[in-house]
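To start, the structure under review is shown below, and the notes come after it.
Since we're looking at a predicted model, the values are computed, not measured. Naming: A, B, ... by sequence-line order, numbering from 1 per chain.
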2 protein chains.
Amino acid sequence: MLIRVDSGSSLPLYDQIASGIRRAIADGEVGRGERLPAAKELAASLDVNMHTVLKAYGMLREEGIIEVRRGRGVTVIDQPADRAALAESARRLVADARRAGLTTAEIVDLVEAHATD
Amino acid sequence: MLIRVDSGSSLPLYDQIASGIRRAIADGEVGRGERLPAAKELAASLDVNMHTVLKAYGMLREEGIIEVRRGRGVTVIDQPADRAALAESARRLVADARRAGLTTAEIVDLVEAHATD
DNA sequence: ACCTATTTGTCCGTATGTATG
DNA sequence: CCATACATACGGACAAATAGG
């Protein structure tokens, strides 16, 4: 898995790492169900602290794209895409947001705030 | 704001702190829009590390209950219930979309498609 | 415009705990 | 029992946003 980080970037290192892993998965560089390197190893290879990698892993776990378990490591979740459920989620979000009085632009902002690349 | 933590508990300190703050808000001990103590202060009063308090604050921010800003401190959000539900919906949508391999731009497109003005 | 203090954000390092195999 | 690997908590350092003088 090829990831590069730039300590001079304005983006936090953990964001860069999370993005790199998302890309690696999207590109099929790491397959579904496959294991990602241990935090300690990835940290060493990127020359960052283990906590920084663990924070990136934690983000991806909250996004539901990896499974993180102590003693076992990190694996990419293998789940088929369900576009129907996705559309339903989007519909429900918009409905709730409308009820709360949000404009379309505000809804987009809200979504983007939860979709940090 | 009265919070108690037990280092002997099986629950992490940051969970205990977050729970304590949720309760304090629910009980009206701290009002909407009011400010919570600086992380450093709360940490000192609970005899825990500042980072532990910051982690608790981060959790509550993700839940949409509080607003945390650098240099300004932490304030309780006006409509926690609605915003919290919205944030949760947005989080879930993004997680599902990520799992389906969508990029941020594609997620925004999906939302906009359901938010025709 | 400048300076200072405050406050959170990020990153590092270390130590210890806990689940897994 | 032992090694691996993440989880929690501590501490320190510096950066960046904010507020106020």
Show me the protein contacts with nucleotides 15-18 of chain C, counting only N or O atoms at under 3.5 Å.
from, atom 1, to, atom 2, distance (Å)
C:dT18, O4', A:R70, NH1, 2.9
C:dT18, O3', A:R70, NH1, 3.3

**OP:** Taking all non-hydrogen atoms of both residues into account, name the closest pair between A:V5 and A:L13 and its distance.
**Re:** CB-CD2, 4.2 Å

**OP:** For B:A18 and B:A56, work out which heavy atoms get closest and say how close.
**Re:** N-CB, 3.9 Å

Original post:
Should A:Y14 be listed as having a side-chain N or O under 4.0 Å from OP1 or OP2 of C:dT10?
Top reply: yes

Original post:
Any idea which heavy atoms bring A:L36 and A:Y57 closest together, and the distance?
Top reply: CB-OH, 3.7 Å

Original post:
Tracing side-chain links under 4.5 Å among I, L, V, M, F, W and Y, which residues wind up in one group with A:I77?
Top reply: none

Original post:
With side chains defined as the heavy atoms from C-beta onward, is the minimum distance between B:R61 and B:I65 less than 4.5 Å?
Top reply: no

Subject >> Spacing of B:L36 atom CG relative to C:dT6 atom C1', expressed in whole Å >> reply: 16 Å

Original post:
Tell me: NZ of B:K55 to P of C:dT10, nearest whole Å?
Top reply: 13 Å

Subject >> Check: B:E106 side chain, B:T103 main-chain N or O, donor-acceptor pair, under 3.5 Å >> reply: yes

**OP:** Any pair with a residue in residues 7-24 of chain B that passes salt bridge (Lys or Arg N to Asp or Glu O under 4.0 Å), sequence neighbours left out, goes on the list, sorted by first then second residue, please.
**Re:** B:R22-B:E63, B:R23-B:D27, B:R23-B:E29

Original post:
Does any pair with a residue in residues 40-54 of chain A pass salt bridge (Lys or Arg N to Asp or Glu O under 4.0 Å), and if so which ones, sequence neighbours excluded?
Top reply: none

**OP:** For A:Q16 and A:L11, indicate whether the former's side chain and the latter's backbone hold a donor-acceptor pair under 3.5 Å.
**Re:** yes

Original post:
Is B:E62 reaching over with its side chain to a backbone N or O of B:M59, donor-acceptor style, under 3.5 angstrom?
Top reply: no

Original post:
Heavy-atom distance under 4.5 Å between the side chains of B:T104 and A:V111, does that happen here?
Top reply: no

Original post:
Is the phosphate of C:dT7, meaning OP1 or OP2, less than 4.0 Å from a side-chain N or O of B:R69?
Top reply: no

Original post:
C:dC11 C1' sits how many Å from A:M59 CE, rounded?
Top reply: 15 Å

Original post:
Given that A:R72 and B:L54 both sit by DNA chain C, which one's nearest nucleotide is further toward the 5' end?
Top reply: B:L54

**OP:** Considering only heavy atoms of chain A and a distance under 4.0 Å, specify the first and last nucleotide of DNA chain D in 5' to 3' order that meet this criterion.
**Re:** D:dT4 to D:dA9

Subject >> Stretch residues 40-49 of chain B: residues that reach within less than 4.0 Å of DNA chain D through a heavy atom >> reply: B:V48, B:N49

